[in-house]
Amino acid sequence: MAKVRKAVFPAAGLGTRFLPATKAQPKEMLPLVDKPLIQYGVEEAMQSGVRNILIVTGRGKTAIEDHFDVSFELEHLLETRHKKDLLATVRAVSDMIDVSYVRQKEALGLGHAVLRARELVGDEPFAVILSDDVIDAEVPCLRQLLDVYEFYNASVVALMEVPNESISAYGVVDAEPVAHNGGRDRLYRIRNMVEKPKASEAPSNLAIIGRYVLTPEIFSSLEAIEPGSGGEIQLTDGLKHVLRSRPIYGYKFEGKRYDAGDKLGFLKATVEFALKRYDLGQEFREYLKTLSI
Ligand code: UTP
């Protein structure tokens, strides 16, 4: 079985839910406490053993490229000011990854963005991480999916139970539980999936969240399909096409997911991540207690 070495980060969406902050910069650069969202995703990939990072960029691509690049002026300045800790933090980012970029000129959908990475990925399995889905987990979410991939040698998507009133914002699966690791409560074999169904038509309460391990057949499927929901080439539709000939699994991951591409989700993530920080948490907690809410 081929090892997953590459992770694709689609970062070319318009981020309309976060305007005006996303007018001139991608939402993937919004900072959660002090790190841009995309860095959390990249760290998750590294901690999962995937070191080759492919970022699909759109507008504002320079901010992302600069972030992962060496900044000689900044490093020099920090060196002369003897700011060792900050220097180490800044260097850790540029030392972290082997990164390539590909451009999606028009935001024609998540499936289209993934297809743009075809040449760089080649004929091998790969991961997809949507960095606006921030997942706080003991075992990184991508690692959880890779463990399933390595067992079944098939594509795996991350699943989460979502309340009925918000299900129509997601790709939703029709799936049957599969016994795995001595339990039947996390792994599913997917029968069908539908992008953004009406609540009354959703096949289940299991939504697809932004982590995928995909086999390379997805590329020809994405080429074969027509635009779907919202007039975009949807990754969910591509996966549905793959399902005709190959199994796809879904894994209800362990961990807490924040929709950081949405203002309220972003605020929740900011508060919870700040409270967990050793250098900020205590003072921030004290401050929150003083608010009359
Ligand atoms: P979203 O569904 O969150 O869309 O994309 P969006 O356009 O970024 O944001 P809103 O809904 O308008 O606020 C999910 C992921 O897919 C990427 C986004 O960057 C995000 O990581 N994406 C989406 C692309 O790279 N290209 C696209 O054409 C669409």
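Whatever order the structure lists them in is the order used to number ligands and atoms, beginning at 1. Because the structure is predicted, anything quoted here is derived from the model rather than measured.
The existence of a salt bridge linking Glu254 and Arg186 is confirmed by a sub-4.0 Å separation between a basic side-chain nitrogen and an acidic carboxylate oxygen. Remark: Arg277 does not engage Glu283 in a salt bridge, criterion side-chain N to carboxylate O under 4.0 Å.
If you check each of Arg116, Lys263, Glu28, Lys27 against atom 9 (O) of ligand 1, the one with the closest non-hydrogen atom is Lys27.
By the 4.0 Å heavy-atom criterion, His112 is excluded from the residues contacting ligand 1. Ligand 1 does not have Glu232 within reach: every non-hydrogen atom of the residue lies 4.0 Å or more from it. Residue contact check for ligand 1: Val56 places no non-hydrogen atom closer than 4.0 Å to it.
Of all the heavy atoms of Ala113, the ones lying under 4.0 Å from any atom of ligand 1 belong exclusively to the side chain.
The 12-atom threshold is exceeded at NZ of Lys196, counting heavy atoms of other residues, nucleotides or ligands nearer than 6.0 Å. Dense packing is recorded around CD of Glu165, with more than 12 heavy atoms of other residues, nucleotides or ligands lying under 6.0 Å away. Counting heavy atoms of neighbouring residues, nucleotides and ligands inside a 6.0 Å radius, atom CG of Asp85 does not exceed 12 of them. Residue-environment remark: NZ (Lys276) stays at or below the threshold of 12 foreign heavy atoms within 6.0 Å.
For ligand 1 and Thr16, the ligand atoms under 4.0 Å from any heavy atom of the residue are 9 (O), 10 (P), 12 (O), 13 (O). Ligand 1 places these atoms under 4.0 Å from at least one heavy atom of Gln104: 24 (C), 25 (O), 26 (N), 27 (C), 28 (O). Per-residue contacts place Ala107 under 4.0 angstrom from the following atoms of ligand 1 (heavy atoms of the residue considered): 28 (O). For ligand 1 and Leu108, the ligand atoms under 4.0 Å from any heavy atom of the residue are 28 (O).
Residue Leu130 places no N or O, backbone or side chain, under 3.5 Å from any N or O of ligand 1. Inclusion of Phe18 in the set of residues having an N or O under 3.5 Å from an N or O of ligand 1 is not warranted. Residue Ala12 has at least one N or O atom closer than 3.5 Å to an N or O atom of ligand 1. Residue Leu14 places at least one N or O, backbone or side chain, under 3.5 Å from an N or O of ligand 1.
Ranking the protein heavy atoms by distance from atom 16 (O) of ligand 1 puts Leu110 CD1, 3.5 Å first. The closest protein non-hydrogen atom to atom 18 (C) of ligand 1 is Gly13 N, 3.6 Å. Nearest protein heavy-atom neighbour of atom 11 (O) of ligand 1: Arg17 NE, 3.1 Å.
In this structure, atom 2 (O) of ligand 1 has its sub-4.0 angstrom surroundings free of protein heavy atoms.
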Test log, rule side-chain contact (heavy atoms from CB on, under 4.5 Å), inputs Val99 and Val42: CA-CA 10 Å; Val99 60; Val42 168; over 6 Å; no
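In this structure, Lys35 satisfies the cation-pi test against Tyr40, with its NZ or CZ atom closer than 6.0 Å to the six-membered ring centre and inside 45 degrees of the ring normal.
Counting only distance, with no hydrogens or angles, the side chain of Lys6 and the backbone of Val121 share a donor-acceptor pair below 3.5 Å.
The aromatic rings of Phe219 and Phe126 lie parallel to each other, their planes meeting at an angle below 30°, with 60° marking the opposite boundary.
Side-chain N/O atoms of Thr236 and Gln234 include no donor and acceptor closer than 3.5 Å.
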